[in-house]
Amino acid sequence: MESWLKQSGASGLDDVELADFSDTGRGVRTLRRFKEGEEILTIPHGVLWTVEHAYADPILGPALLSTRPPLSVDDTLATYILFVRSRGSGYDGMGSHVAALPASYTSSIFFAEAELEVCAGTSLHTITKQLHRQIEDDYRGLVVRLFEQHQELFPRDKFTIEDYKWALCTVWSRAMDFKLPDGDSIRLLAPFADMLNHSSEVGQCHVYDVLSGDLSVLAGKDYELGDQVFINYGPIPNNRLLRLYGFVVPGNPNDSYDLVLTTHPMAPFFEQKHNLWVSAGLDSTSTISLTLTDPLPSSVLRYLRIQRLHQSDLALIAHHKSDVPVEKISDSNEVEVLRFLIESISGLLDGFRTQLEKLEEQLAEGFYSPERNAWLAAHVSLGEQRVLRLTRETAENLLAEVESGSGNKRGPLSAPAQCAKCKKVSVQLMRCGRCNAVMYCGRACQVAHYGDHKAMCQATASRNGS
């Protein structure tokens, strides 16, 4: 692979090599020192795996272009990889990259049932089950739309569903995504550069040159001779790391839980509430990430405040032409919202197969073999439970404030005391004299915010009997 890349114009390959590391497996090792920011290698545009190159292939391209509807980006790249692997002669360069790819992956779709059940209750467990069904459906579609239409190009023994799953995981775990100046994006695989492992200790150090189409890797930190070179995949939680890349980071500070909030279309006043959700940048079904740093995002409270609106609330909002009730509407609404949220989070936590304390004990005692699938799944469960417990604790604290009567001193419950207009956090805040629900850093901000706040102020004051 390295010889082909050098002949194709790749640079920097004399200063690095592929190597096996005890903690990460195969990766890239330096053959000299690098200073942070220094260019390590560049892979030219002509050897990148892209949809553009798949379409341009003289044999594969016409078949792909004739497929209707067109294949997705991931299916196009997966088919391209399998096609090159199946051809042999004529694709020696790209074939050498395919030959260097892992023969198998540890992504969650390859887990045995018992291994996946270790993280039962997690969003990963749910998504993986859905992926199994989706992959089967997508494969059947590929067979009908492409493989059976061009049987001479796609021999069925080399394009099985297991081959398809392997190629998909190759794309998921090795592709790089870049935003383009025109607002579009490009997904690509870069031979050799895709062997780089992840580390949160380096900054973003892989760069796509829009003019040349080349992919470059810079040193994300200083490297000594013999060090492993890393790139940073971004702040990714363990549930996504395991689903896409096949590994986890114990104690991952980016762990999250994707909370799905939904309301049935036949629910009372659905149309009015749906309009309010849309105005708030939400939808009747909204997925919101709960994280360790923001366990109860304001968007969760905003969604539930709208969901729990009664007829009288909606009538007031309609009368005053208020768009979005982003602030606390009333004590009764807030109590209803928070109690529902606490009950729902408790139900989610009860759905985990192994509770947090027991899981921590099992991991500490070596119940799961390190780095094996069940151990990976256990860490995902651990991270999601920690997030959900923090969410419940936050909601319980907010509920206690409201029920004790101290909640009115905070205005919007999703943030510390701050100016409703400029969001400045200050100890010198003045409260709206009518609704007593929002605060301002001064008269100027109060006047500037009045147009946005007026209708909700009147509704809140009316509900509270002011």
Side-chain angles (χ1 to χ4, degrees), residues 1-20 26-32 34 37-65 73-74 76-103 153 158 166-167 169-180 184-197 204-220 223 228-231 233:
M1 176 175 60
E2 289 89 331
S3 298
W4 161 65
L5 288 173
K6 290 178 183 178
Q7 292 171 5
S8 302
S11 62
L13 293 173
D14 290 331
D15 297 322
V16 290
E17 66 178 358
L18 296 180
D20 290 322
R26 187 169 51 171
V28 176
R29 180 167 58 198
T30 63
L31 296 176
R32 67 171 178 85
F34 287 94
E38 185 178 353
E39 183 176 299
I40 294 179
L41 71 147
T42 295
I43 308 299
H45 172 261
V47 299
L48 301 176
W49 299 83
T50 65
V51 170
E52 174 193 2
H53 288 161
Y55 286 163
D57 185 275
I59 302 174
L60 176 64
L64 292 175
L65 290 168
V73 171
D74 285 356
T76 299
L77 292 174
T79 300
Y80 190 15
I81 291 168
L82 289 178
F83 176 78
V84 169
R85 188 173 74 166
S86 71
R87 300 297 289 187
S89 61
Y91 291 86
D92 294 340
M94 303 294 275
S96 67
H97 178 221
V98 174
L101 294 172
L153 300 182
K158 295 183 179 180
W166 171 85
C169 280
T170 296
V171 175
W172 293 345
S173 63
R174 313 181 91 76
M176 299 179 182
D177 298 293
F178 298 94
K179 287 286 187 183
L180 302 178
D184 288 340
S185 61
I186 184 171
R187 167 162 276 207
L188 59 87
L189 279 74
F192 196 93
D194 67 339
M195 305 294 176
L196 293 160
N197 290 313
Q204 171 139 2
C205 49
H206 47 295
V207 181
Y208 178 74
D209 188 314
V210 177
L211 295 179
S212 67
D214 297 345
L215 183 284
S216 295
V217 176
L218 311 179
Y223 290 110
Q228 181 173 186
V229 179
F230 293 101
I231 59 174
Y233 297 173

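Because the structure is predicted, anything quoted here is derived from the model rather than measured.
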Asker: How many angstroms lie between OH in Tyr208 and CG in Leu48, if you round to the nearest 0.5 Å?
Answerer: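 That separation rounds to 7.0 Å.
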Asker: Give every residue pair that meets the salt bridge (Lys or Arg N to Asp or Glu O under 4.0 Å) criterion with at least one member in residues 1-17, sequence neighbours excluded.
Answerer: Lys6-Asp14, Asp15-Arg32, Glu17-Arg29
Asker: Looking only at heavy atoms, what is the nearest atom pair of Pro44 and Gly9, with distance?
Answerer: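 Of all heavy-atom pairs spanning Pro44 and Gly9, the closest is CG-C, 3.9 Å.
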Asker: Could you state the interatomic distance from CG (Asp177) to NE2 (His206), rounded to the nearest 0.5 Å?
Answerer: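 Those atoms lie 8.5 Å apart.
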Asker: What I'd like to find out is whether the side chain of Arg85 reaches to under 4.5 Å of the side chain of Trp166, using heavy atoms alone.
Answerer: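 When only atoms from C-beta onward are counted, Trp166 and Arg85 do touch, with a gap below 4.5 Å.
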Asker: Out of curiosity, Cys205 SG to Ile40 CD1, how far, rounded to the nearest 0.5 Å?
Answerer: 7.0 Å
Asker: Keeping the roles fixed (side chain from Asp20, backbone from Gly27), state whether a donor-acceptor pair exists under 3.5 Å.
Answerer: no
Asker: Rounded to the nearest 0.5 Å, how far apart are OG1 of Thr170 and OH of Tyr80?
Answerer: 14.5 Å
Asker: How about Tyr223 and Phe34: are their ring centres within less than 6.0 Å of each other?
Answerer: no
Asker: Check whether any side-chain heavy atom of Met176 sits under 4.5 Å from a side-chain heavy atom of Ile231, and report yes or no.
Answerer: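 SC-SC contact between Met176 and Ile231 confirmed.
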Asker: Decide yes or no for Phe192 and Leu41: does some side-chain heavy atom of the first lie under 4.5 Å from some side-chain heavy atom of the second?
Answerer: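 Touching, per the 4.5 Å side-chain cut-off.
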Asker: So which heavy atom on Ser96 is nearest to which on Met1, and how close?
Answerer: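 Scanning both residues completely, I find the closest heavy atoms to be OG-CA, 3.4 Å.
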Asker: With side-chain contact (heavy atoms from CB on, under 4.5 Å) as the test, would you mind laying out the steps for Val47 and His53 before giving the verdict?
Answerer: CA-CA 9 Å; Val47 299; His53 288 161; over 6 Å; no
Asker: Check the pair Ile59 / Arg87 against side-chain contact (heavy atoms from CB on, under 4.5 Å), numbers first and verdict last.
Answerer: CA-CA 11 Å; Ile59 302 174; Arg87 300 297 289 187; 3.7 Å; yes
Asker: What closest approach, in Å, do Met195 and Val28 show between heavy atoms, and which atom pair accounts for it?
Answerer: CB-CG2, 4.0 Å
Asker: How long is the straight-line distance from CG of Leu77 back to CH2 of Trp49, given to the nearest 0.5 Å?
Answerer: 9.0 Å
Asker: Between the main-chain N or O of His45 and the side-chain N or O of Asp214, is there a donor-acceptor pair closer than 3.5 Å?
Answerer: yes
Asker: Between CG of Asp209 and CG of Leu215, what distance do you get to the nearest 0.5 Å?
Answerer: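 Here the rounded value is 10.0 Å.
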Asker: Are side-chain N/O atoms of Tyr91 and Asp57 paired as donor and acceptor at under 3.5 Å?
Answerer: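 Yes, side-chain donor-acceptor contact under 3.5 Å.
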Asker: Do you know the tightest heavy-atom contact between Val98 and Val84?
Answerer: CG2-CG1, 4.1 Å
Asker: Looking only at heavy atoms, which two atoms of Leu189 and Ala175 are closest? And how far apart?
Answerer: CD1-CB, 3.7 Å
Asker: Measuring only between side-chain heavy atoms, which start at C-beta, is Glu38 closer than 4.5 Å to Leu218?
Answerer: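 Sidechains of Leu218 and Glu38: no contact.
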Asker: List for me each residue that meets salt bridge (Lys or Arg N to Asp or Glu O under 4.0 Å) alongside Asp74, sequence neighbours excluded, and say none if there are none.
Answerer: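 Partners of Asp74 under the salt bridge (Lys or Arg N to Asp or Glu O under 4.0 Å) test: Arg187.
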Asker: Who pairs with Asp194 by side-chain hydrogen bond (donor to acceptor under 3.5 Å, both in side chains), at least two apart in sequence or on another chain?
Answerer: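 Once residues adjacent in sequence are excluded, the partners of Asp194 under the side-chain hydrogen bond (donor to acceptor under 3.5 Å, both in side chains) criterion are His97, Arg174.
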